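Data block below; observations after.
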Amino acid sequence: SLRNQENEKQCFLKGGCFFGSLFFYQQEDIMTEIICITDKNHPALPAIIEWLYDWWGKDEDYTKKQVEAYVRNAVCKDRIPQVFLILQDGVPAGTFQFAMSDIDTRPDCYPWLRDFWIEPAFRGKGLTYSVMEAVKEHAARLHLTELYLFTRHEGLYEKFGWEYVETFPTYLTPDDKQRLYRLSIC
């Protein structure tokens, strides 16, 4: 409708907007869409499965079928876990998930932002800003008060309001230590 188009236009002028399970962000000439996937047969799931299998599945000795089951069973509509697809100008650019657990050694921390992946061709172009805005908006929609993540990156997530908590041993390998972050959701 004309009214919806005007609302969408106003949201874009403000930098981002949420409609149902879609988030839209306009930066310069680049349109970013972030979709909460609610169909276990969504056509983007094979790409997400492939990204995650290549990123951590192989290294952690998971089969592709195990990664597929993990992703498809994380597709929920109004509760965690949830899988998101990041599109930039209509092209699949990445993914992330909300989940109740991420690493076995930290059952005290939940829920989690996990499996945040941006395809290499889309990195360094400001996409993380749009994703972090969508993370905050969708977490608030789910009435979450905080999210956690762990990473080896230092200095990235602080730019988006994440608070460094500590460096902790993951025990994924004998010497692996990663940084734990918490995001407070207003």
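Both backbone and side-chain heavy atoms feed into the values below; hydrogens, waters and symmetry mates do not. All residue numbers refer to positions in the sequence shown, counting from 1. Owing to the predicted nature of the structure, the values given are computational and were not obtained by experimental measurement.
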Given the rule in the side chain to side chain contact (heavy atoms under 4.5 Å, CB included) test, do Val71 and Leu52 qualify, once you have shown the distances and angles that lead to the verdict? CA-CA 9 Å; Val71 171; Leu52 298 181; 3.7 Å; yes
Check for a donor-acceptor pair, side chain of Gln66 on one end and backbone N or O of Thr63 on the other, with a separation under 3.5 Å. yes
Asp115 side chain to Gln97 main-chain N or O, any donor-acceptor pair under 3.5 Å? no
Could you report the tightest heavy-atom contact between Ala44 and Leu85, atom names first, then the distance? CB-CD2, 3.5 Å
Work out which heavy atom in Leu183 is nearest to a heavy atom in Gly161; give both atom names and the distance. CD1-O, 3.5 Å
Distance, nearest 0.5 Å, that separates OH of Tyr53 from CG of Asp59: 10.0 Å
Rounded distance (nearest 0.5 Å) linking atom CD of Glu33 with atom CG of Asp89: 9.0 Å
Thr95 OG1 to Glu119 CD distance, which is reported to the nearest 0.5 Å: 10.5 Å
Walk me through it: do Leu127 and Thr32 pass the test side chain to side chain contact (heavy atoms under 4.5 Å, CB included)? CA-CA 8 Å; Leu127 189 54; Thr32 301; 3.5 Å; yes
Let's go through Lys136 and Val131 carefully: what are the C-alpha distance in whole Å and the side-chain angles of both, what is the deciding distance for side chain to side chain contact (heavy atoms under 4.5 Å, CB included) to 0.1 Å, and is it a yes or a no? CA-CA 9 Å; Lys136 292 173 189 175; Val131 171; over 6 Å; no
Does the Tyr62 side chain pair with the main chain of Lys65, one donor and one acceptor, at a distance under 3.5 Å? no
Centroid separation under 6.0 Å, is that true for the rings of Trp56 and Tyr70? yes
Would you call Ile118 and Phe96 a side-chain contact if the rule is heavy atoms closer than 4.5 Å? no
Among all residues two or more places apart in sequence or in another chain, which pass the ring pair (Phe, Tyr, Trp, His ring centres under 6.0 Å) test with Trp55? Trp117
Taken in chain and number order and not counting sequence neighbours, the residues that satisfy salt bridge (Lys or Arg N to Asp or Glu O under 4.0 Å) with Asp54 are Lys58
Please collect all salt bridge (charged side-chain N to carboxylate O under 4.0 Å, His left out) contacts where either partner lies in residues 173-186, sequence neighbours excluded, each pair once. Arg152-Asp176, Glu154-Arg179, Glu158-Arg179, Glu163-Arg182
Of all heavy-atom pairs linking Leu147 and Ala139, the shortest is CD1-CB, 4.0 Å
Flag if over 12 foreign heavy atoms under 6.0 Å of OH, Tyr164: yes
Check: Met132 and Tyr157 side chains under 4.5 Å, non-hydrogen atoms: yes
Please report the shortest heavy-atom distance between Cys36 and Cys76, naming the atom on each side. SG-O, 4.4 Å
So for atom OH, which belongs to Tyr110, do other residues, nucleotides or ligands contribute more than 12 heavy atoms lying within a distance under 6.0 Å? no
Indicate yes or no: at least one non-hydrogen side-chain atom of Cys109 is less than 4.5 angstrom from one of Phe150. no
For Lys64, which residues count as a salt bridge (Lys or Arg N to Asp or Glu O under 4.0 Å) partner, sequence neighbours excluded? Glu50
As an exercise, state the distance from OG1 of Thr151 to CG of Leu156, rounded to the nearest 0.5 Å. 7.5 Å
Does the plane of the ring in Tyr148 sit parallel, tilted or perpendicular to the ring in Trp112? Use 30° and 60° as the thresholds. tilted
Can you name the closest pair of heavy atoms from Leu144 and Ile185 and give their distance? O-CB, 3.3 Å
What closest approach, in Å, do Asp39 and Leu45 show between heavy atoms, and which atom pair accounts for it? O-CD1, 3.7 Å
I'd like to know whether Leu142 forms a side chain to side chain contact (heavy atoms under 4.5 Å, CB included) with Phe98, so could you lay out the CA-CA distance, the side-chain angles of the two residues, the decisive distance to 0.1 Å, and finally the verdict. CA-CA 10 Å; Leu142 292 172; Phe98 286 171; 3.8 Å; yes
Arg106 NZ/CZ over Phe168 ring centroid, <6.0 Å and within 45° of normal: yes
Hits for salt bridge (Lys or Arg N to Asp or Glu O under 4.0 Å) against Arg72, two or more places apart or cross-chain, chain-then-number order -> Glu68
Pairs under 3.5 angstrom only: tabulate donor-acceptor contacts from the side chains of residues 77-84 to other protein residues two or more places apart or in another chain.
from  : atom 1 : to     : atom 2 : distance (Å)
Gln82 : OE1    : His138 : NE2    : 2.6
Gln82 : NE2    : Lys77  : O      : 2.6
Gln82 : NE2    : Arg79  : O      : 3.4

State the NE2-CH2 distance between His153 and Trp162, to the nearest 0.5 angstrom. 13.0 Å
CG (Leu87) and CZ (Phe122) are apart, to the nearest 0.5 Å, by 9.0 Å
From the list Leu149, Thr167, Thr170, side-chain contact (heavy atoms from CB on, under 4.5 Å) with Gln178 holds only for Thr170
